[in-house]
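Working notes, structure below.
For the single chain, residues carry numbers from 1 onward in sequence order.
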Amino acid sequence: FKTLARIDQSCVVKVPENVPLEIAAGVPSIYATAIYGLKEVARLRENSSILIHNGAAALGQAVLQYARLLGAFIYTTVSTVEERDLIISEYGIPPECIFSNRDLGFSKAVMRTTNAVGVNVVFNTLTGEAMQESLACVAPFGHFIHVSNKNALVETVIDLAAMQKCVTVTNVDIELL
């Protein structure tokens with residue numbers, strides 16, 4: 001156990017005064033989750049397609065930023081009109097690529113938009129029936145990355161029909177790494 005840690009100055013950022021330390025402390029784990037899920041697990045590449053659930057949430061925005069950096073084609077879900085407007089104004093995602101996660105219609109919309117192919121990667125934070133609908137959006141040989149509350153995952157049953165499409169299903173829990 002040490003009381004002092006030294007790190008190169010290029011690896012640190014001054015926390016703005018208006019950001020509580022509790023919030024700032026969580027930022028590295030959010031980006032670590034996004035990068036690990038997309039780079040190491042899904043191996044997302046340029047021109048791949050991805051569906052990001054809760055795109056306006058902190059994790060959703062981190063995933064969105066990294067997917068955009070890689071040159072992926074992005075679809076996302078949001079809960080409110082304000083979140084939709086944020087995704088359009090901040091990230092330039094076209095309105096026809098943004099769906100509501102308040103009902104299960106996002107699944108049909110994704111399949112319609114992708115000409116029934118689905119997306120290469122789903123970055124999922126939903127549970128229950130919405131999780132199952134998300135799994136149906138994955139293209140053959142795609143990746144389903146799940147990040148959620150551990151208790152919610154225990155209570156969720158996954159229909160293995162997606163396995164017929166050779167879909168890889170991975171739960172990403174950065175605390176275990």
Side-chain angles (χ1 to χ4, degrees), residues 30-31 33-39 41-149 152-153 155-174:
I30 290 169
Y31 278 90
T33 300
I35 293 168
Y36 178 77
L38 297 184
K39 181 179 180 185
V41 177
R43 294 178 179 86
L44 190 70
R45 290 187 280 254
E46 186 176 5
N47 298 320
S48 295
S49 57
I50 183 170
L51 171 61
I52 303 165
H53 283 299
N54 296 314
L59 178 59
Q61 288 188 55
V63 173
L64 217 154
Q65 290 171 13
Y66 191 67
R68 199 167 91 172
L69 177 73
L70 295 175
F73 191 81
I74 300 168
Y75 300 94
T76 189
T77 63
V78 295
S79 300
T80 66
V81 172
E82 292 79 18
E83 289 178 355
R84 181 179 177 273
D85 293 343
L86 171 88
I87 297 296
I88 292 168
S89 66
E90 291 296 317
Y91 301 104
I93 305 298
E96 61 272 12
C97 296
I98 305 171
F99 312 106
S100 173
N101 59 17
R102 290 293 182 196
D103 60 53
L104 301 178
F106 70 83
S107 177
K108 287 186 175 91
V110 167
M111 295 309 285
R112 183 180 60 250
T113 306
T114 62
N115 296 317
V117 173
V119 293
N120 301 113
V121 177
V122 170
F123 203 94
N124 183 62
T125 55
L126 306 179
T127 59
E129 196 175 346
M131 180 178 176
Q132 192 61 50
E133 287 295 316
S134 298
L135 196 51
C137 294
V138 183
F141 301 99
H143 295 272
F144 183 85
I145 310 289
H146 181 74
V147 179
S148 183
N149 179 306
L153 188 59
E155 298 168 4
T156 302
V157 176
I158 298 175
D159 180 0
L160 297 179
M163 299 308 136
Q164 294 174 341
K165 299 189 297 183
C166 296
V167 171
T168 301
V169 178
T170 306
N171 184 56
V172 172
D173 185 349
I174 206 70

Is there a side-chain contact between [X] and [Y], using heavy atoms and a 4.5 Å cut-off?
X    : Y    : answer
T168 : V138 : no
S79  : N101 : yes
Y36  : V41  : yes
L38  : I50  : yes
V119 : T114 : yes
I74  : R68  : yes
F123 : V172 : no
L86  : V78  : no

Determine the minimum heavy-atom distance between [X] and [Y], stating which atoms define it.
X    : Y    : result
S134 : V122 : O-CG2, 3.7 Å
L135 : K165 : O-NZ, 4.2 Å
G118 : M111 : CA-SD, 3.7 Å
A139 : V167 : O-CG2, 3.9 Å
L44  : A72  : CD2-CB, 3.8 Å
G55  : L64  : O-CD1, 4.0 Å

Test item: [X] side-chain N/O and [Y] main-chain N/O as donor-acceptor pair under 3.5 Å:
X    : Y    : value
T77  : S100 : no
S49  : N120 : yes
D103 : G105 : yes
S107 : L104 : no

Does E129 have more than 12 heavy atoms from other residues, nucleotides or ligands lying within 6.0 Å of its CD?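 Not more than 12 within 6.0 Å, no.
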More than 12 non-hydrogen atoms from neighbouring residues, nucleotides or ligands closer than 6.0 Å to NZ on K108, yes or no?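 Not more than 12 within 6.0 Å, no.
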From [atom1] ([X]) to [atom2] ([Y]), nearest 0.5 Å:
X    : Y    : atom1 : atom2 : result
T76  : N54  : OG1   : CG    : 7.5 Å
Y75  : I98  : OH    : CD1   : 12.0 Å
F73  : E46  : CZ    : CD    : 13.5 Å
Y91  : Q61  : OH    : CD    : 3.5 Å
C166 : H143 : SG    : NE2   : 11.0 Å
I30  : L59  : CD1   : CG    : 6.5 Å

With side-chain contact (heavy atoms from CB on, under 4.5 Å) as the test, would you mind laying out the steps for N124 and M131 before giving the verdict? CA-CA 7 Å; N124 183 62; M131 180 178 176; 3.6 Å; yes
Students often mix this up, so state it plainly: with edges at 30° and 60°, are the rings of F106 and H53 parallel, tilted or perpendicular?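 Correct class here is perpendicular.
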May I ask you to decide if the ring planes of F144 and H146 are parallel, tilted or perpendicular, using 30° and 60° as cut-offs?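 Parallel: the ring planes of F144 and H146 meet at under 30°.
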